[in-house]
Amino acid sequence: MLVGLDRADDAGVYKISDDLALIQTVDFFTPIVDDPYRFGQIAAANALSDVYAMGGVPKTAMNLIAFPAKELPISVLRTIIEGGLDKMREAGVVLVGGHSIEDPELKYGLSVTGFIHPDRVLTKRNLKMGDRLILTKPLGTGIISTAIKGGMASKEITEKVTQTMATLNRVAAEVMRDFPVHACTDATGFGFLGHLAEMVLGSGYGVRIQASNVPVFSEAIEYASMGLVPAGAYRNREFRLAMIDFAQKVERTLQDVLFDPQTSGGLLISVSAERAEDLVEALKARGVEVAAVVGEVIGEPKERILVE
Ligand code: CO
Ligand code: CO
Ligand code: CO
């Protein structure tokens with residue numbers, strides 16, 4: 001066992017031989033968009049992401065389905081699975097099975113198995129002094145989903161955020177393989193700052209974040225100022241606020257976006273300072289357009305996050 005429950009990471013890692021380790025992860029949730037095909041794509045992209053966050057390559061997957069068969073036509077389920085399969089194909093992943101149950105609440109996701117070289121496993125906490133932190137997708141999907149549910153979001157931003165959540169972290173993971181990356185995770189339910197806190201705790205270092213450099217959907221700021229902030233963002237804030245210092249200029253609406261629970265968010269990468277800009281350029285060249293350096297690893301204060 002290379003990565004297990006004792007130090008919860010994005011996925012478990014089990015060494016098979018000197019040059020092969022298995023990565024295993026599972027993730028499923030209730031619909032966050034109305035379109036069943038898109039929901040299938042997003043749920044699959046989200047489940048596959050934890051393999052990418054470990055630096056690995058996903059290989060096989062199994063469907064996990066809870067479906068209200070008495071209330072919804074079976075064609076809805078077929079469309080969800082088709083959306084999931086679309087993302088598995090794009091990831092080069094083979095669907096090898098699955099399990100479905102009848103449930104009053106629809107849920108879909110995947111159990112995923114991937115491969116990695118045992119020496120190349122990227123955990124969350126291996127930050128190095130002076131590293132730069134890079135984020136590869138904009139924040140605000142939870143706030144915008146709240147606005148969508150409330151009927152407040154435009155068609156345009158609904159499409160944009162859906163597209164972002166359905167985008168695999170595959171390209172970002174492939175690109176970072178050629179760089180001196182020391183640690184990685186993906187921004188999901190705990191929000192950007194919550195996942196950053198997990199990287200910082202036990203690392204022996206602190207981080208400084210340049211809030212204005214963090215990629216965010218401008219609509220998320222707008223909706224947050226209207227109070228459309230999901231309960232999860234408040235929970236994330238309450239949980240981690242004690243280890244975060246916000247500069248005066250970082251407004252509450254932006255803080256809310258930094259704590260916003262993400263679905264299928266981007267990778268959060270810690271890379272050697274001297275190659276950080278090259279990595280951002282390489283990501284952009286491969287179509288990861290919003291990738292940006294958002295902060296750096298500092299010696300003091302230890303295990304704290306400064307947001308400036
Ligand atoms: Co993760
Ligand atoms: Co995870
Ligand atoms: Co996960």
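Counting starts at 1 for both ligands and their atoms, following the listed order. Since the structure is predicted, the reported quantities are computational estimates derived from the model, not experimental observations.
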Would one find an N, O or S atom of Asp50, in either backbone or side chain, under 2.8 Å from the Co ion (ligand 1)?
yes
Shortest non-hydrogen contact between Asp10 and Ala53, atoms and distance:
OD2-CB, 3.6 Å
Which atom name does Asp10 have for its N/O/S atom nearest to the Co ion (ligand 1)?
OD1
Any donor and acceptor pair, going by atom type alone, linking the side chain of Asn63 with main-chain N or O of Ser100 inside 3.5 Å?
no
Tell me whether the count of non-hydrogen atoms from other residues, nucleotides or ligands lying under 6.0 Å of CZ in Arg120 goes above 12.
no
Check all N, O or S atoms of Asp186 and name the one closest to the Co ion (ligand 1).
OD1
Testing Ile134, Val293, Val271 for side-chain contact (heavy atoms from CB on, under 4.5 Å) with Glu277, which one passes?
Val293
